[in-house]
Amino acid sequence: MDAVLALQQENSGFPATIGLVAVFPGPAPTPEQLNDRVRQRLGPVTRLRLRMETDARGRLRRPYVWRLADELDVACHVAHDRLRSGQCLEDLAADLIGRSMPRVAGGPLWDLRVVHDAAPGHFALVLRAHHALLDGASMLTVMRLLGDDKAGSVSPVPRELEAVPAATGGVREMAQALRGLGRRPGRYQCSESVAVSGRTVAWSSFPADVMDAARKALPEGRTSPNNVFLAAFTSAVHACPGLLGRGPRLDRVCAAVPVDLRGPEFRHALGNFLSGVRVRLPLEMADPMMRLREVGRQMDDNKRLRSAHGLARFVDYLAGLGGVGVRFVARQMGIGSLATFSCSFPGTAKAPRI
């Protein structure tokens, strides 16, 4: 998966950058304090010293190769920022996530920025990384490593950080996953349009009690935040018909939903241990409750069939074929090939104390 994500950015030119923003009350740490913390907590982590091996032209070596730095050069990874006049934290984060990493060939694949004036009386930490290095769950683990957990909790240890969960899908699960992907999504205006430069991230928020009420809406029981998000996204697409073009087929609009493959014993493993499932958006249903029930049914089916595990095993098999297999997977992962949209709800995570 690392090689696939690296190749996607190199071939498409679109940033494979992911980010995490955490806001804290009080004064920001000084450069000396943060540098010492990063050196102490993150310096020993092997994954965070990896860089991409490139050729003389600055392109990824084929086959894909990691290069391990002897030590963590904190100065290359840590920066301190202040907002420009008229800029808000969301604007800065959008700008940072819209940039490709590394900045120069063979350079660092992650960085941490302190925003001193994120909000009155608050500072922010903005962690970003190339997706080939870390996935979303890994970003949360790295941020936790920087913080001080509450008394009685246990911080991740190197053995946990460097663990490598194996894909557990067998032939049956692979067949189920491929059967589920057999029907290709329709061709729609949103997936055929040429991307334009500019703002890459939009922000919206809602009270926690709204999410809690939505999770309790179905009489058959409490549903997941991810199902609520998928149903809400279906409603958003329905409210913006221009996304799909004129007279679209509503039965071929699909969302790719990332799935974390870590079990409890590997919850702190750093890297890319994720797969995905495809959910058809029930745009033909007008009732929000019916939409919520339908996306929940599809997600339950994917869990029962272990579709994500089967797909992960199949991708591992293709990647094992070398460059040809990696390039094939990278092409298929493009939006429009296997799904119309990509939808991921990160769940909830408590920020560490800095």
Side-chain angles (χ1 to χ4, degrees), residues 18-25 90 93 119 135-141 143-144 149-150 152-153 176 180 201-241 243-244 250-251 253-268 273-309 311 339-353:
I18 60 175
L20 186 153
V21 180
V23 180
F24 303 90
E90 290 85 350
D135 60 14
S138 298
M139 298 282 279
L140 290 169
T141 297
M143 189 66 81
R144 182 181 173 188
D149 289 332
K150 62 182 180 181
S153 62
Q176 293 286 3
V201 179
W203 298 75
S204 183
S205 61
F206 52 87
D209 58 349
V210 172
M211 170 61 79
D212 191 56
R215 294 185 65 187
K216 298 175 180 176
L218 294 176
E220 53 264 40
R222 188 177 176 87
T223 190
S224 71
N226 188 70
N227 291 345
V228 172
F229 178 72
L230 284 169
F233 185 76
T234 302
S235 297
V237 174
H238 187 271
C240 302
L243 285 172
L244 304 179
L250 298 183
D251 62 335
V253 184
C254 302
V257 182
V259 175
D260 187 355
L261 297 178
R262 297 169 178 83
E265 68 276 24
F266 294 112
R267 65 187 183 279
H268 296 137
F273 304 112
L274 74 167
S275 183
V277 296
R278 190 166 72 180
V279 173
R280 187 187 67 81
L281 301 183
L283 290 165
E284 75 284 357
M285 297 179 177
D287 183 357
M289 298 282 281
M290 293 180 65
R291 290 174 179 164
L292 181 57
R293 184 176 288 111
E294 173 58 20
V295 296
R297 182 195 65 78
Q298 292 184 55
M299 288 300 296
D300 286 344
D301 285 348
N302 280 310
K303 291 175 185 176
R304 176 175 54 83
L305 298 172
R306 304 186 77 243
S307 301
H309 294 270
L311 181 61
T340 319
F341 302 101
S342 178
C343 295
S344 175
F345 187 84
T348 57
K350 294 183 178 179
R353 292 184 291 116

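Keep in mind it's a predicted model, so treat the numbers as computed, not measured. In what follows, every heavy atom counts, from backbone to side chain, and hydrogens, waters and symmetry copies are set aside.
- Across all non-hydrogen atoms, the minimal contact from L230 to L281 is O-CD2, 4.5 Å.
- Between the side chain of Q298 and the main chain of R280, a donor-acceptor pair closer than 3.5 Å is present.
- Contact check for L244 versus L283: side-chain heavy atoms found under the 4.5 Å cut-off.
- A donor atom on one side chain and an acceptor atom on the other are found under 3.5 Å apart for S138 and R262.
- Considering all non-hydrogen atoms of both residues, R278 and N302 come closest at O-ND2, 3.7 Å.
- With rounding to the nearest 0.5 Å, the separation of CE in M290 from OG1 in T234 is 12.5 Å.
- Applying the 6.0 Å contact sphere to CE of M289 captures more than 12 heavy atoms from other residues, nucleotides or ligands.
- Of the listed residues (D300, V279, V257), just one forms a side chain to side chain contact (heavy atoms under 4.5 Å, CB included) with V295, and that residue is V279.
- Considering CG of L243 and NE2 of H238, their distance stands at 12.5 Å, rounded to 0.5 Å.
- Across every non-hydrogen atom of A214 and L292, the tightest pair is O-CD2, 3.8 Å.
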Run the side chain to side chain contact (heavy atoms under 4.5 Å, CB included) test on V253 and F341 for me, step by step, so that the C-alpha distance in whole Å, both residues' side-chain angles and the decisive distance to 0.1 Å come before the verdict.
CA-CA 8 Å; V253 184; F341 302 101; 3.8 Å; yes
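- Judged by distance alone, with hydrogens and angles left aside, the side-chain atoms of R267 form a donor-acceptor pair with the main-chain N or O of P264 at under 3.5 Å.
- Closest heavy-atom contact between S275 and A308: OG-O, 2.7 Å.
- Shown here for M299 and V277, the closest heavy-atom pair between the two residues is SD-CG2, 3.9 Å.
- Ion pairing between E294 and R291 fails under the 4.0 Å rule for side-chain N and carboxylate O.
- At least one side-chain heavy atom of R293 sits under 4.5 Å from a side-chain heavy atom of L218.
- Looking only at distances, a side-chain donor or acceptor of T340 sits under 3.5 Å from a matching main-chain atom of C254.
- Atom CZ of R297 is separated from atom CG of N227 by 11.5 Å, given to the nearest 0.5 angstrom.
- Residues I18 and G136 share a closest heavy-atom pair of CD1-N, 4.0 Å.
- Ion pair R304/D301 flagged as a salt bridge, since at least one NZ, NE, NH1 or NH2 atom sits closer than 4.0 Å to an Asp/Glu carboxylate oxygen.
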